[in-house]
Enquirer: 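Starting off with a structure, shown below.
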Amino acid sequence: MSKDTIANLLTYIRNADMNKKRTVRIPYTNINENMVKILLREGFIENTRKHQESNKYFLVLTLRHRRNRKGPNRNVLNLKRISRPGLRIYSNYQRIPRILGGMGIAILSTSRGIMTDREARLEGIGGEISCYIW
């Protein structure tokens with residue numbers, strides 16, 4: 001059985017957002033750290049810090065708190081896993097999809113590291129489409 005760390009990261013954030021939690025603690029991996037840096041840079045989360053607890057590292061994320069969210073389905077973040085271990089989805093830089101006409105982002109794993117769809121188009125490289133966030 002394999003672990004899908006990206007799907008776990010998205011699920012942690014989605015569940016914390018649905019339950020209106022302010023912070024969420026996720027296990028530390030290099031992939032998680034790079035994806036969280038992108039989320040922080042794009043403004044989807046407010047803050048992040050690295051925390052150590054008995055020789056294990058965690059990332060503690062502070063989610064954006066939005067008022068006026070009424071009802072159980074008023075989510076701030078929409079996260080969708082695209083490429084998964086059973087079905088990998090690759091794209092060249094010309095065919096990388098634009099999420100909501102540029103309002104959202106696609107996170108790609110490229111030969112030059114994990115980056116957003118805009119960065120990949122500017123550098124002219126494609127890769128594996130990990131997820132969509134809007």
Enquirer: Treating Arg22 as the side-chain partner and Leu63 as the backbone partner, does any N or O pair qualify as donor plus acceptor under 3.5 Å?
Expert: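 Between the backbone of Leu63 and the side chain of Arg22 there is a qualifying donor-acceptor contact (under 3.5 Å).
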Enquirer: Please check if Ile6 and Ile96 belong to a single hydrophobic cluster, counting links between Ile, Leu, Val, Met, Phe, Trp and Tyr side chain heavy atoms closer than 4.5 Å.
Expert: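 No: no chain of side-chain contacts under 4.5 Å links Ile6 to Ile96.
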Enquirer: Please evaluate residues Arg64 and Phe44 with respect to the criterion side-chain contact (heavy atoms from CB on, under 4.5 Å), reporting the C-alpha separation (whole Å), side-chain torsions for both, the decisive distance (0.1 Å), and the verdict.
Expert: CA-CA 7 Å; Arg64 285 214 176 272; Phe44 289 105; over 6 Å; no
Enquirer: Between atom CG of Leu61 and atom CZ of Arg25, what is the distance when rounded to the nearest 0.5 Å?
Expert: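 Here the interatomic distance stands at 11.5 Å.
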Enquirer: Under a 3.5 Å distance rule, please check whether Arg14 uses its side chain to pair with a backbone N or O of Leu79 as donor and acceptor.
Expert: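 Side chain of Arg14 to backbone of Leu79: a pair is present.
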Enquirer: Show the numbers, then the answer: is there a side-chain contact (heavy atoms from CB on, under 4.5 Å) between Ile45 and Thr62?
Expert: CA-CA 6 Å; Ile45 60 174; Thr62 305; over 6 Å; no
Enquirer: Looking only at atom types and distance, does a side-chain atom of Asn34 sit under 3.5 Å from a main-chain N or O of Asn30, one as donor and one as acceptor?
Expert: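 Yes, the answer is positive, given that a donor and an acceptor are paired below the 3.5 Å cut-off.
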Enquirer: Is the shortest heavy-atom distance from the side chain of Pro27 to the side chain of Lys56 under 4.5 Å?
Expert: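 No, too far: nothing below the 4.5 Å cut-off.
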Enquirer: If only side-chain N and O atoms count, and only distance matters, is there a donor-acceptor pair under 3.5 Å linking Ser109 with Glu128?
Expert: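 Short answer, no.
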Enquirer: Heavy atoms, side chains only, cut-off 4.5 Å: are Ile105 and Tyr132 in contact?
Expert: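 Ile105 does not reach Tyr132 side chain to side chain.
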Enquirer: Run the salt-bridge test on Arg118 and Glu123 with the 4.0 Å N-O cut-off and return the result as yes or no.
Expert: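 Salt bridge: no.
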Enquirer: Around atom CZ of Arg98, are there more than 12 heavy atoms of other residues, nucleotides or ligands at under 6.0 Å?
Expert: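 No, CZ of Arg98 has 12 or fewer neighbouring heavy atoms, counting only those of other groups under 6.0 Å.
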Enquirer: Is there a side-chain contact between Val36 and Leu9 in this structure, where contact means two heavy atoms from C-beta onward sitting under 4.5 Å apart?
Expert: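 Yes; the side chains approach each other to less than 4.5 Å.
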Enquirer: Is it true that Arg112 and Glu119 make a salt bridge, defined as a side-chain N closer than 4.0 Å to a carboxylate O?
Expert: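 No, this pair does not count.
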Enquirer: May I ask whether Leu40 and Ile107 are part of the same hydrophobic cluster, defined by side-chain heavy atoms of I, L, V, M, F, W, Y residues being less than 4.5 angstrom apart, directly or through others?
Expert: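 Yes, because Leu40 and Ile107 connect within a single hydrophobic cluster, where side-chain heavy atoms sit under 4.5 Å apart.
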Enquirer: Quick check on the hydrophobic clustering: are Ile99 and Ile129 connected, directly or via other members, by side-chain heavy-atom contacts under 4.5 Å?
Expert: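 Yes.
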Enquirer: Measure the shortest side-chain to side-chain distance between Trp134 and Met103 over non-hydrogen atoms and say whether it is less than 4.5 angstrom.
Expert: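 Not in contact.
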Enquirer: Might you work through the side-chain contact (heavy atoms from CB on, under 4.5 Å) test for Thr23 and Asn47, ending with a clear yes or no?
Expert: CA-CA 9 Å; Thr23 62; Asn47 194 8; over 6 Å; no
Enquirer: Looking only at heavy atoms, which two atoms of Leu108 and Ala120 are closest? And how far apart?
Expert: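 Nearest heavy atoms, Leu108 then Ala120: CD2-CB, 4.3 Å.
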Enquirer: Cation-pi check for Tyr93 against Arg121: NZ or CZ below 6.0 Å from the six-membered ring centre and within 45 degrees of the axis, yes or no?
Expert: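 No - Arg121 does not lie over the ring of Tyr93 by the 6.0 Å and 45° rule.
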Enquirer: Indicate if Tyr12 and Tyr57 have the same hydrophobic cluster label, given that clusters are the connected sets of ILVMFWY residues with side-chain heavy-atom separations under 4.5 angstrom.
Expert: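 Tyr12 clusters together with Tyr57.
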Enquirer: Could you give the distance from CG (Asp117) to OG (Ser91), rounded to the nearest 0.5 Å?
Expert: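 Reported value, rounded in 0.5 Å steps: 10.0 Å.
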Enquirer: Counting C-beta onward and ignoring hydrogens, is there a side-chain heavy-atom pair between Leu39 and Ile13 closer than 4.5 Å?
Expert: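 SC-SC contact between Leu39 and Ile13 confirmed.
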Enquirer: What's the spacing between Cys131 SG and Met35 CE if we round to 0.5 Å?
Expert: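 Reported to 0.5 Å precision, the distance equals 3.5 Å.
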Enquirer: Does the side-chain contact (heavy atoms from CB on, under 4.5 Å) test come out yes or no for Ile114 and Thr110, once each step is laid out?
Expert: CA-CA 6 Å; Ile114 296 176; Thr110 66; over 6 Å; no
Enquirer: Would you say Asn32's side chain and Leu59's backbone share a donor-acceptor pair under 3.5 angstrom?
Expert: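 No; judged by distance alone, with no hydrogens or angles, the pair does not exist.
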Enquirer: Does atom NZ (Lys50) have a neighbourhood of more than 12 heavy atoms from anything else shown, all under 6.0 Å?
Expert: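 Atom NZ in Lys50 is crowded, with more than 12 foreign heavy atoms closer than 6.0 Å.
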Enquirer: Should the pair Asp4-Arg81 be classified as a salt bridge under the 4.0 Å nitrogen-to-oxygen rule?
Expert: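 Between Arg81 and Asp4 there is a salt bridge, with a charged N closer than 4.0 Å to a carboxylate O.
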Enquirer: With hydrophobic residues grouped by side-chain heavy-atom distances under 4.5 Å, do Ile133 and Ile89 end up in a single group?
Expert: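 Looking at the clustering, Ile89 is in a separate group from Ile133.
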